[in-house]
Amino acid sequence: MKVNRLILVAAAIALIGGLAVKPAIAYFTDTATVSKTIPITLGDVELPEMDDDVNHMIKTIAISNTGDYDIFVRAKALYPDTCMITKQTSTNWSDLDGGYYYYSEILKPGEKTEDLNLKIDFDGSTSDFNVIIIQEATKVLYDEEGNAYADWTNAISNEDQVQPVEVIEQMR
């Protein structure tokens with residue numbers, strides 16, 4: 001009697017286990033394919049607008065924040081070896097490391113930097129040259145004390161849009 005009951009319980013467990021395996025396998029191996037795409041916008045993938053003008057061998061640069069976030073901006077001049085670039089008086093622009101000119105103020109959406117004036121001197125060996133401006137922007141970040149800082153490793157740049165690589169390598 002006890003053996004029959006034990007066999008009956010074992011058979012019931014085997015039957016229930018056997019019935020549960022197929023749905024469990026279907027659940028864990030099911031896949032789905034999506035055929036439509038949804039655009040995702042982070043709001044900071046667009047570069048700020050840059051005004052760039054040359055008058056009497058002085059290149060004037062101003063950058064506008066057209067995005068949705070507060071940003072820090074910097075600019076770099078690429079030029080041939082026959083030229084020399086010197087920064088003219090600009091209150092909020094400073095010439096720091098790596099040849100970049102950093103704007104010291106936080107640029108809020110809709111605001112524009114003061115003009116960065118770069119004087120171009122050249123030796124006259126050629127009249128055909130170009131001074132290219134690379135601009136970069138990064139979101140304003142804050143530390144634990146609430147102090148604003150820039151993380152230039154996450155900056156967006158127009159460097160890949162300005163000139164072919166061969167021309168940039170020939171310039172300083």
Side-chain angles (χ1 to χ4, degrees), residues 31-123 126-172:
T31 61
T33 304
V34 177
S35 62
K36 296 198 177 208
T37 59
I38 300 171
I40 297 174
T41 304
L42 299 177
D44 63 343
V45 293
E46 281 188 29
L47 276 170
E49 289 181 5
M50 180 176 63
D51 297 332
D52 171 353
D53 188 33
V54 177
N55 192 7
H56 301 290
M57 297 307 286
I58 294 178
K59 191 159 187 121
T60 303
I61 300 131
I63 301 172
S64 300
N65 183 354
T66 58
D68 300 327
Y69 301 98
D70 294 350
I71 59 172
F72 282 111
V73 295
R74 68 182 182 177
K76 182 177 188 176
L78 301 177
Y79 49 92
D81 291 334
T82 58
C83 291
M84 183 78 158
I85 302 289
T86 53
K87 179 178 78 80
Q88 301 295 298
T89 306
S90 298
T91 317
N92 291 321
W93 287 96
S94 57
D95 185 5
L96 297 175
D97 62 340
Y100 283 97
Y101 300 97
Y102 291 82
Y103 191 66
S104 61
E105 301 294 318
I106 294 173
L107 202 59
K108 298 189 179 309
E111 290 183 351
K112 184 177 184 177
T113 64
E114 74 174 35
D115 289 345
L116 169 61
N117 297 312
L118 301 176
K119 180 153 179 43
I120 304 168
D121 294 311
F122 67 103
D123 64 7
T126 181
S127 61
D128 187 23
F129 67 92
N130 194 6
V131 176
I132 300 165
I133 302 299
I134 303 293
Q135 66 165 333
E136 291 186 355
T138 187
K139 281 186 186 179
V140 175
L141 301 174
Y142 295 93
D143 61 15
E144 294 82 23
E145 288 83 36
N147 300 318
Y149 71 95
D151 179 11
W152 293 108
T153 60
N154 291 320
I156 54 174
S157 172
N158 70 335
E159 186 170 9
D160 58 344
Q161 301 168 4
V162 291
Q163 286 281 331
V165 175
E166 301 83 37
V167 175
I168 290 175
E169 288 176 357
Q170 294 171 4
M171 298 184 159
R172 192 179 317 183

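These numbers were taken from a predicted model, which means no experiment stands behind them.
- Partners of Y102 under the ring-ring contact (aromatic ring centres under 6.0 Å, His included) rule, at least two apart in sequence or in another chain, are W152.
- For the atom pair D121 CG and M84 CE, the distance stands at 8.0 Å (nearest 0.5 Å).
- Taking 4.5 Å as the limit, every side-chain heavy atom of P109 sits out of range of all side-chain heavy atoms of D68.
- Side chains of K59 and I120 form a contact here, defined as non-hydrogen atoms less than 4.5 Å apart.
- Proximity of a side-chain donor or acceptor of D115 to a complementary backbone N or O of N117 within less than 3.5 Å is not detected.
- With rounding to the nearest 0.5 angstrom, the CG atom of D151 is 11.5 Å from the NZ atom of K139.
- Two residues are said to be in side-chain contact when any heavy atoms from C-beta on lie closer than 4.5 Å; Y101 and I61 fail this criterion.
- Here the closest heavy-atom approach between residue A148 and residue I106 is recorded as CB-CD1, 3.8 Å.
- Proximity of a side-chain donor or acceptor of W93 to a complementary backbone N or O of E114 within less than 3.5 Å is detected.
- Looking at heavy atoms from C-beta onward, L116 lies out of side-chain contact with I133 at the 4.5 angstrom threshold.
- Atoms CD1 and OG1, from I71 and T66 in turn, are 7.5 Å apart once rounded to the nearest 0.5 Å.
- Going from atom CG of D95 over to atom CG of L118 covers 9.0 Å, rounded to the nearest 0.5 Å.
- Residues meeting the salt bridge (Lys or Arg N to Asp or Glu O under 4.0 Å) test with K108, sequence neighbours left out: D70.
- Heavy-atom minimum distance, I63 versus L107: O-CD2, 3.6 Å.
- Judged by distance alone, the side chain of S64 and the main-chain N or O of K112 form no donor-acceptor pair under 3.5 Å.
- No donor-acceptor pair under 3.5 Å is formed between the side chain of T138 and the backbone N or O of F72.
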